[in-house]
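As the structure is a prediction and not an experimental result, all values here were calculated from the model.
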Amino acid sequence: MLKEKLVICLQQAVIKAQQEDSLVAVALPEIAMERPQNPEHGDFASVLPLKLARTMKMSPLAIAEKIAKHISLPPEIDSFSIAPPGFINFTLRDDWLAKQIESILTAGESYGDLALGKGSHIQLEFVSVNPTGPLHVGHGRGAVLGSTLANVFTAAGYSVEKEYLLNNVGHQIDVFNRSLYARYQQCLGKEISVPTDGYQGNYMIDLAKEIVDKEGDRFLALPVEEAASELGEIGLNKMVEEIKQDLKLINVEFDTWFSEKSLYHNKQYHQTMELLQREGYVTRKDNAVWFESSALGEDKDNVLVRSDGSPTYFASDIAYHYNKFVERKFDTVIDIWGADHQGHVPRMKAAIKALGKNPEQLKIIICQLITLSRGKEIIRISKRSGDIVTLRELVHEVRPDVCRFFFLSRSADSQMDFDIELAKKQSADNPVYYIQYAHARIASILRLAKQREIDYIQGDVSLLTTGPELTLIRRLLLLPEIIEGVVNTLEPHHLPYYAQDIATVFHSFYKQCRVVSKDEALTKARLKLVRATQIVLAKALHLMGMTAPESM
RNA sequence: GCGCCUGUGGCUCAGUUGGAUAGAGCGCAGCCCUGCGGAGGCUGAGGUCGCGGGUUCAAAUCCCGCCAGGCGUACCA
C-alpha cells in the first residue's frame, strides 16, 4: 500500500543523506507513517526527524531539511512539506485521488476486501449462553461484536467459522430439568414448588404449558429422574430454537452449534484428560483431580474433576479447545466472553500450552458487562430470579439496525449503561438514521439519473477537483485501512464511526455540489463519485450487519 | 487484600497504540429552503482528559501512588 511506499521513500532519502550529505550515520528506527487528523497537515505524516534528533544530536528541523533534499516522491504524491517541530507531511495528487473512484466502481461490493488471511482458518466462538433461558439485552452485545468481527475477517480474506457452544450437560442442566419438571407438574394441578436453587422465571411456566399441550401428562407416570431428564431435553430444544430466533432478529447466525455433550460421547473429553495426565500436568488432592496450572506460571491450581467424579466447566472447556485446535485444526480461535469470565482467561491459556499449542493462537475478547436502566432506575439482570429484559423485548422497541449500531459503537473494554428509555427516545433521532438517510439520498439521486437516462459510465473523474469532492474521495479510500485496523485490534467499534464520517462528508458535499445539473460532463463525473460513495457506505453498513435502505 | 477493565464538555462515547489547536452524536443558542430527499447544511457556547508525582523534545495515551465505579478471586458457569 501507499504507506509502505512512503516508508521506503523516506528510508532511501535518509540513507542517501547519510552517504552524500553528511547526515549523522545512525541505525534507523522503525519508520511510522501516520494519518494526520488535521487535513492541513496532508494525507500522511512522519515524525522521523523527531525520533532521530536524540541519537543524531541535531535539531529535528535540521534533520528534516537534510532528508528533504534527497526525497524522491512516488507518483501518487503531489508534494511534501516540513513543519515544526519536525514533521514531514505528504499530500496526495488530486488527479490520482479522482482516478481512485474508478477502482472503487470496478471493485463494487468487494471494494475494501483484503488478502490478509490467505485462507487461514479461523473460528469465532461467541454468545454460547446456557440454553436454560432466553437471551437478555446483555447477550446482544457479544452477539453483535462476534458477528461483525466475522464479517470483517471474511472481508479480509480469512476462512471464518462462527460457532455457538451449546452447554447441554452438567449441573445447570440438571437444575433446569428439575425446575421444568416442577412447573410441568404444577400445570397438571400438582402442589409442587420449584426448587429454591431452580430457574424461577415465568418463561419456564410457558415452556411447561407448551409441553403439556403437546405431550399431555404422560411424564407423570415415569420415574422422577427419567421424567425430568426427558422433559428437560424437550425443553432445552425449545429454548435453543427460541435463542436461534432471537439471534436472527438482530441478524446473527451461526455456522455450527456445537454440542458439549458430544465431547463425552466421542471420547474427546477422555483423550484430553489423558493427554494432560501424560504430560504430567495432573495431580490428585482431596479426592479431586487438579490441573497444575501453577507449574505453567499461574498463581494457583484448578480442579478438573470434582470429588464426586463430575467434570468441572474448566475441564469441559479444555476438552472443547482440544477439539478446536487438535481435532478441527483451526489456525486461530477467537473466544468472546463476558467480564465475569475474566478469571478464566489465564488458566485457559495455560491449558492451551499444556495441550502443546501456542497460547497466541487463542485470542480472547473480554466484553464488559452492561448495566441496564430505565431512566434513573437500575435494573438487575438475573436469569435465576427471572427478572430480565430480553433481547426480544428490546428489538421489539428499538429497530435491529439501531441495536446493532448501539452495541457496536462502544469498545468492548468499556462497560456500558443501557438506558432503555433513552434508547427508545433517541431511536427516532440517532446516527443510524443519519447514516441510512445518506444512503437513501444517494439511491434517490441515482434513480433520478436513471430516469433521465443519464449514462455516466463514460464520466471523466478528472473533472472532480473541488474541496468537497476531494474530501469525500479521501474518506472513501480509508475503507481498506479501517478493515485492516479492525482485524489487527479486534475492535470493530471503529466501523460505526467511519460510517458516520462518510455520511457527514457526503451530506456536506451534497449541499455544496449539485450532482445532476445542466453541465453534462460534470454531472457524469459526480454521479460516479456518488455511486462510489454508495458502494463504500453500503459496505460499511453490511460489515456491521446492518441494512442499506434505498429509501426510507 | 490481590488481579482485570473503566474514569475525557450537561448526557452517551471516540481518540489512529507517545505527536501538531483533544473530537463526534444527543442536548443547548442562532443562521440557511425559487434546483437532485430539510430525517439535511452552517455557526457558536460548553474541557483542570478522576487527583498527585515521574519519564520524554513531546503525555488523554507510558511508569508509580492515591480516589471512585464494575467484574473476578468456587470442587458455579
Side-chain angles (χ1 to χ4, degrees), chain A residues 32 34-38 40-41 45-47 50-51 53-54 59-60 83-87 89 128-130 132 167 170-172 175 197 285-290 299-300 302-314 316-317 338-346 366-369 371 406 409-419 422-423 425-426 428-434 436-438 440-449 452 478 481-482 485 488-489 493-494 496-497 500-501 503-504 506-518 523 526-527 530 551-552:
Chain A
E34 46 192 75
R35 313 225 45 157
Q37 48 186 18
N38 187 337
E40 283 168 24
H41 298 145
S46 173
V47 293
L50 286 161
K51 302 260 189 236
R54 191 175 187 69
S59 93
F87 293 95
N89 299 328
S128 298
V129 176
N130 275 359
T132 53
N167 189 276
H171 179 67
Q172 294 306 317
V175 173
D197 64 339
K285 198 168 64 189
D286 304 330
N287 226 6
V289 178
W290 296 71
D299 43 0
K300 61 179 186 320
N302 293 279
V303 172
L304 292 170
V305 184
R306 301 186 188 90
S307 43
D308 70 1
S310 63
T312 59
Y313 159 77
F314 180 44
S316 202
D317 218 17
D340 53 341
H341 281 59
Q342 66 183 237
H344 193 53
V345 175
I366 292 296
C367 198
Q368 294 302 312
L369 302 177
T371 49
F406 182 86
S409 16
R410 280 118 181 110
S411 89
D413 282 339
S414 69
Q415 73 196 54
M416 55 199 250
D417 289 319
F418 198 119
D419 185 336
L422 200 66
K425 209 172 74 191
Q426 291 190 348
D429 195 16
N430 65 39
V432 179
Y433 282 76
Y434 181 82
Q436 293 184 326
Y437 179 65
R441 201 177 223 182
I442 289 169
S444 161
I445 296 170
L446 296 176
R447 274 195 301 271
L448 178 78
R452 296 200 186 163
L478 287 178
E481 280 175 48
I482 299 286
N488 290 334
T489 60
H493 69 268
H494 297 293
Y497 289 93
Q500 197 168 347
D501 197 31
T504 301
F506 173 75
H507 282 310
S508 177
F509 154 82
Y510 174 85
K511 192 73 183 177
Q512 295 173 76
C513 302
R514 169 89 196 169
V515 178
V516 181
S517 68
K518 294 215 173 70
T523 297
R526 285 186 173 164
L527 281 170
V530 167
S551 66
M552 49 194 286

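- The CZ-P distance, from A/Arg410 to B/A24, rounds to 17 Å in whole Å.
- Residue A/Lys511 places its side chain closer to B/G41 than to any other of B/A20, B/A77, B/G41.
- When distances run from any side-chain atom of A/Gln500 to the nucleotides B/C42, B/U73, B/G25, the shortest one goes to B/G25.
- You'll find that the side chain of A/His493 is closest to B/G15, out of B/A77, B/G15, B/C71.
- Under a 3.5 Å cut-off, the side chain of A/Thr312 and the backbone N or O of A/Val305 do not form any donor-acceptor pair.
- By the side chain to side chain contact (heavy atoms under 4.5 Å, CB included) test, A/Ser310 is found to be paired with A/Arg306, A/Asp308, residues two or more places apart in sequence or in another chain being considered.
- When heavy atoms are screened at a 4.0 angstrom cut-off, A/Met552 is found touching base atoms of the nucleic acid.
- Among the protein residues, A/Ala438 comes within range of no part of the nucleic acid, since none of its heavy atoms lies under 4.0 Å from any strand.
- Base orientation of B/U17: syn, since the glycosidic angle falls within 90° of 0.
- Side-chain contact between A/Ile442 and A/Tyr510 is absent, with no heavy-atom pair separated by less than 4.5 Å.
- Atom C1' of B/A22 sits at a distance of 9 Å from the matching atom of B/G47, rounded to the whole Å.
- The closest donor-acceptor contact from the side chain of A/Arg441 to the backbone of A/Ala443 lies at 3.5 Å or more, if one exists at all.
- Under the side chain to side chain donor-acceptor pair (under 3.5 Å) criterion, A/Ser411 pairs with no residue, sequence neighbours left out.
- Spacing between B/C64 and B/A77 at atom P, rounded to whole Å, works out to 35 Å.
- For a distance-only test at 3.5 Å, the side chain of A/Asn302 fails to qualify as a donor-acceptor partner of the base of B/A74.
- Of the side-chain N and O atoms in A/Gln37, one or more sit less than 4.0 angstrom from OP1 or OP2 of B/A20.
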Per-nucleotide pairing state of RNA chain B [Watson-Crick or G-U, under 3.5 Å; [ ] pseudoknot-crossing; | other strand]: (((((((..((((.....[...)))).(((((.......))))).....(((((..]....))))))))))))....
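- Of the candidates B/A14, B/G25, B/G40, the closest approach to any side-chain atom of A/Arg441 belongs to B/G40.
- Separation of the C1' atoms belonging to B/U61 and B/C49 is 10 Å when rounded to the nearest angstrom.
- Residue A/Ser310 places none of its side-chain N or O atoms closer than 4.0 Å to OP1 or OP2 of B/C75.
- Each of A/Ser444 and A/Leu369 lies near RNA chain B, and the nucleotide nearest A/Ser444 is the one positioned closer to the 5' end.
- For the OP1/OP2 pair of B/G23 and a distance below 4.0 Å, the side-chain nitrogens and oxygens of A/Tyr497 include no atom meeting the criterion.
- The listed nucleotides are B/G41, B/C75, B/A20; the one nearest the side chain of A/His507 is B/G41.
- Applying the side chain to side chain donor-acceptor pair (under 3.5 Å) test to A/Asn89 and every residue at least two apart in sequence or in another chain returns nothing.
- Stacking annotation: A/Tyr434 is not stacked on the base of B/A39 (requires ring centroids less than 5.5 angstrom apart and an interplanar angle below 30 degrees).
- Relative to the side chain of A/Tyr437, the nucleotides B/A77, B/A20, B/G37 differ in distance, and B/G37 lies closest.
- Residue A/His171 has no polar side-chain atom (N or O) positioned under 4.0 Å from OP1 or OP2 of B/C75.
- Comparing B/A59 with B/C13, their P atoms sit 28 Å apart, to the nearest whole Å.
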Chi angles and distances behind the side-chain contact (heavy atoms from CB on, under 4.5 Å) call for A/Phe509, A/Val515: CA-CA 9 Å; A/Phe509 154 82; A/Val515 178; 4.1 Å; yes
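- When the side-chain nitrogen and oxygen atoms of A/Tyr433 are compared with OP1 and OP2 of B/C26, none of them lie within a distance under 4.0 Å.
- When heavy atoms are screened at a 4.0 angstrom cut-off, A/Ala53 is found touching no nucleic acid atom at all.
- Separating the CZ atom of A/Phe509 from the P atom of B/C42 is a distance of 14 Å, rounded to the nearest angstrom.
- Nucleic acid contact class of A/Cys513 (heavy atoms, under 4.0 Å, all strands): base.
- Mapped onto RNA chain B by nearest heavy atom, A/Ser517 and A/Val303 fall at different nucleotides, with A/Ser517 at the one closer to the 5' end.
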Could you list the protein-to-nucleotides 57-61 of chain B atom pairs, N/O on both sides, closer than 3.5 Å?
from	atom 1	to	atom 2	distance (Å)
B/C57	OP1	A/Arg54	NH1	2.5

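- Of the P atoms belonging to B/C33 and B/G10, the separation is 33 Å, rounded to the nearest Å.
- Within the nucleic acid shown, A/Ser508 comes within 4.0 Å of sugar-phosphate atoms alone, with no base atom in reach, counting heavy atoms only.
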What nitrogen or oxygen pairs link the protein and nucleotides 2-6 of chain B at under 3.5 Å?
from	atom 1	to	atom 2	distance (Å)
B/G3	N2	A/Gln342	OE1	2.1
B/C4	O2	A/Gln342	OE1	3.3
B/C4	O2	A/Gln342	NE2	3.4
B/C5	O2'	A/Asp413	O	2.4

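- Scanning both residues, A/Arg410 and A/Phe406, for their nearest heavy atoms gives NH1-O, 3.4 Å.
- Remark: the separation of the C1' atoms in B/C28 and B/C36 is 32 Å, to the nearest Å.
- Note on ring orientation: taking the six-membered ring where Trp is involved, the planes of A/His344 and A/Tyr313 are tilted (angle from 30° to 60°).
- One finds a side-chain N or O of A/His494 lying less than 4.0 angstrom from the OP1 or OP2 phosphate oxygen of B/G15.
- Among the protein residues, A/Ala449 comes within range of no part of the nucleic acid, since none of its heavy atoms lies under 4.0 Å from any strand.
- If you check every strand for non-hydrogen atoms under 4.0 Å, A/Asn89 touches a base.
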